[in-house]
Amino acid sequence: MPPKQQDAELVPVESLKYRRGAGKPEKSGSMMSKPAAAAKAREMKAIARNPKDMLARSDVALEEVIYAGEYAPDDLVAALKDRNFQVAQRGARVISSLGSFIAKSLLLYSAGNLDASKSELALELKIRLINLGPSFVKFGQALSTRPDLTPPEFIEVLASLQDRLPAFDDELAMGLIEQELGKPVSEIFSEISPEPVAAASLGQVYRGKLLTGEEVAIKVQRPNIVDGIGIDMLLLRRLTQWVDENVNVGPLSTSVLTPLVDEFASRLFGELDYIKEGKSAERFTELYAGKRGLENITAPKIYWEATSKRVLTMEWIDGVKLTQADEIKKMGFEVIDFVNMGVQCTLRQLLEDGFFHADPHPGNLLVTNEGNLVYIDFGMMSTIPEKARYALISHVVHLVNRDYDAMCQDYYALDFVPPEVDTRPIAPALEDFFEDALGYSVSELNFGALIDGLGEVFFEYPFQLPPYYALIIRSLSFLEGLAIQTDPNYKLLAASYPYIAQRLLTDKSPELRASLEELVLQQGVAPDKQRIRWNRFESLLTEGSKSKGFDSDGLWLLLDWLVQDTGKNVRKPATRELVSVADGMALNTLRHTLVNLINKDTADRLAPLETPADVEVYERAERIFKLLGLRPGMDPLSIAGLVQAVLADSIQKDDNKAISGLKFGSADENTIREAAKEPLQTAVRATRKILKSTRTNTERVEKLLREPGGREIITTLVDGLIQRSLARTARTILGLADGASSGGGGPSNSPGGSGKS
């Protein structure tokens, strides 16, 4: 629950008539009658003797269960064993509301009218959950992310649930701060807003200033929330246990709800522990904030001296919500740029480190004047097992390959189905859906439509989605929905592919190397007949280089893998085709040289493109030149042209900088002299950098070529190029002989000449 990013009035704490255990703070100068003042004094004395009278803390045993760190249903039952009256009272209300709803649904099912009534039932369930309070509202939100359990009609309605409550009394908030931190408010904060700037179901936020001067957001938990949530989770678990044992309709015939409730309760209890939330914020900052490709991602600092399990003090962030497009535009930015930042950060969270922010709603992502995207509210975090991270990337590869049988196998690694379930019957349903959806490329798919379609498949088959998957859907769907509001043509999968391509190219894990093999090797043929699918490899290079986290050094890891025994499946067909590519590069260089020195007709005679295969290889070499940043006709083994280009660019930039400085500054003799030195110094630095890089790369190549796989590549490459060169030379001689015997003249030296007499 983030603070509203608005100007909140801050007043000195000392200007509020408030002492430890006192009632609601009152601004100085407010008048109180003598009887009221006497009553307030008696109340203050009583509370000073025992602050719990005001705050009525939850039962110690129940708090121990809530804040234990791990949810244990049996411990919750034991903690509430002496609260039978409260449990029964609350239970009567829950059963009256949800029990009657379940009974109505079963009657409609038995009458064959359930499908026609789903939309009406969804709205009714939403109202009932709202009336039952925040615990059940949050449970409804959780159901909206479970397409394996929840019909599409219900998902759409439940996704709109909001867990907002009115703010609770300020006197309770101040009392709780003092009780939790063990000091009067005035000994912690110098200023504080007299009213909260935001409120939600679990707590509310004040803006304040520490005695040391830092502006902070102070998050205070709602008093007695632990009691209500503990009882609700006990009752919800009992209700779902009954449903699991007695209701066998639709997906409930093969799925169970109780594990979902246990997972939900575990996350909800975790949200109540503000120390855990503070540690999650720091871990998020350590893993992602400011890292390569995520330079503009930040998170608030936590002030531990003013933090406890029920009070969290963090850095105040001045910014606007990611949904406020007009405000962001006024700051000189575009929403779509920050959405792309969020997508890249989310992909890193999901697929790289596995620790991710599971509640990225509009209020939890803020844009600052500095151009940063700030994540706040770390109460709901989740993790993805390493094998599932690799399986998700593998699943994308299988989708690109349209290998639906392999996709079905992925569901075991993703924990979508238990090992004993046969997933092969699901393949035709996947094929029907994707063959219809993939009329375009995968990158052109709308993520929301994809999830909706898959949700129908998951609903019809025995899937039991793990909690992390539901949270992934929630995170990515939010980001794509936000982007579409700005750009209706935005495609999340297209924005995600550069990162996936980068991982496939640069990640040395065996799992992703296997996925790379599947993607770039021709499938369904004998190993000695396999070819590299160059269009796929070129696409990986092109897209991967777009990723902000792309590090070209990772390509050396790819080459190292290629020369090892583990890369032999790719090395052998790659080496065979490398001969063609090297021949194409040589042909490319020769043709450009002949065109530049003589003319195109001469190039066509001396270095002809004789077959469609020649044309294909030539064009592939052209594309590779571009990917490597080289000019056509330039020797890729020479760095002279590259040095010249870099130096020229560096000098030009520094000349512009010097001219700019002279134009707007004082152009004295020393300034001119120093400005004149800058281009030369920059050129020297650039030359040294290039030479150092060349030396390093040369050493890397030598190391690779010493490997058995490297020697195999060189041997095959040299033999293949010799054979091709001899064949091309013979064809050229025969071509010249044919030209001479037919009476053709020599090549013309005139630019653009025809080459004929």
Find the distance between [atom1] ([X]) and [atom2] ([Y]) and round it off to the nearest 0.5 Å.
X	Y	atom1	atom2	answer
N131	K126	CG	NZ	12.0 Å
E271	D359	CD	CG	6.5 Å
L272	E277	CG	CD	10.5 Å
I376	L366	CD1	CG	4.0 Å
I229	L236	CD1	CG	12.0 Å
F154	L123	CZ	CG	9.0 Å

(Q) Classify the ring geometry of Y411 against F416: parallel below 30°, tilted from 30° to 60°, perpendicular beyond 60°. (A) parallel
For the student: nearest non-hydrogen atoms of [X] and [Y], plus distance:
X	Y	result
K546	T542	CG-O, 3.4 Å
Q141	L161	NE2-O, 2.9 Å
D410	H398	OD2-ND1, 2.7 Å
A142	F264	CB-CD1, 4.1 Å
F284	A299	CD2-CB, 4.1 Å
D415	P466	O-CD, 3.6 Å

Validation: residues 340-351 side-chain donor-acceptor distances under 3.5 Å, sequence neighbours left out:
| unit_1 | atom_1 | unit_2 | atom_2 | d |
| --- | --- | --- | --- | --- |
| N340 | OD1 | Y490 | OH | 3.0 |
| N340 | ND2 | I336 | O | 3.3 |
| Q344 | NE2 | A495 | O | 3.3 |
| T346 | OG1 | G342 | O | 2.7 |
| R348 | NH1 | R292 | O | 2.9 |
| R348 | NH2 | R292 | O | 3.3 |
| Q349 | OE1 | H357 | N | 2.7 |
| Q349 | NE2 | C345 | O | 3.3 |

**Q.** Step-by-step side chain to side chain contact (heavy atoms under 4.5 Å, CB included) determination, L98 to L129
**A.** CA-CA 8 Å; L98 295 184; L129 293 174; 4.3 Å; yes
[Y] backbone acceptor or donor facing [X] side chain under 3.5 Å:
X	Y	answer
D507	S509	yes
D244	T258	yes
S547	G544	no
D487	A483	no
S266	D262	no
S100	S97	yes

Q. Crowded around E156 CD? As in, over 12 foreign heavy atoms under 6.0 Å?
A. no
Q. Is the number of heavy atoms from other residues, nucleotides or ligands under 6.0 Å of K568 NZ greater than 12?
A. no
Taking the side chain as every heavy atom from C-beta outward, state whether [X] and [Y] have any pair of such atoms under 4.5 Å apart.
X	Y	answer
V397	L504	yes
K138	D232	no
S539	Y497	yes
Q502	Y499	yes
R503	E352	yes
L365	Y375	yes
P134	L202	no
V367	V335	no

Q. Would you say the side chains of S382 and R267 form a donor-acceptor pair under 3.5 Å?
A. yes
**Q.** Between K104 and S117, a side-chain donor and acceptor under 3.5 Å
**A.** no
Q: Show the numbers, then the answer: is there a side chain to side chain contact (heavy atoms under 4.5 Å, CB included) between E70 and D75?
A: CA-CA 10 Å; E70 291 187 13; D75 291 346; over 6 Å; no
**Q.** Candidate pair I426 and Y404, rule side chain to side chain contact (heavy atoms under 4.5 Å, CB included), full reasoning
**A.** CA-CA 9 Å; I426 303 172; Y404 303 111; over 6 Å; no
Q: Report the C-alpha separation of L373 and N296 in whole Å, then their side-chain angles, then the decisive distance to 0.1 Å, and conclude whether the side chain to side chain contact (heavy atoms under 4.5 Å, CB included) test is met.
A: CA-CA 6 Å; L373 181 64; N296 293 95; 5.8 Å; no
Q) Can you list every salt bridge (Lys or Arg N to Asp or Glu O under 4.0 Å) pair that touches residues 509-525, not counting sequence neighbours? A) none
Q | SB check R128 E124 (cutoff 4.0 Å) | A | yes
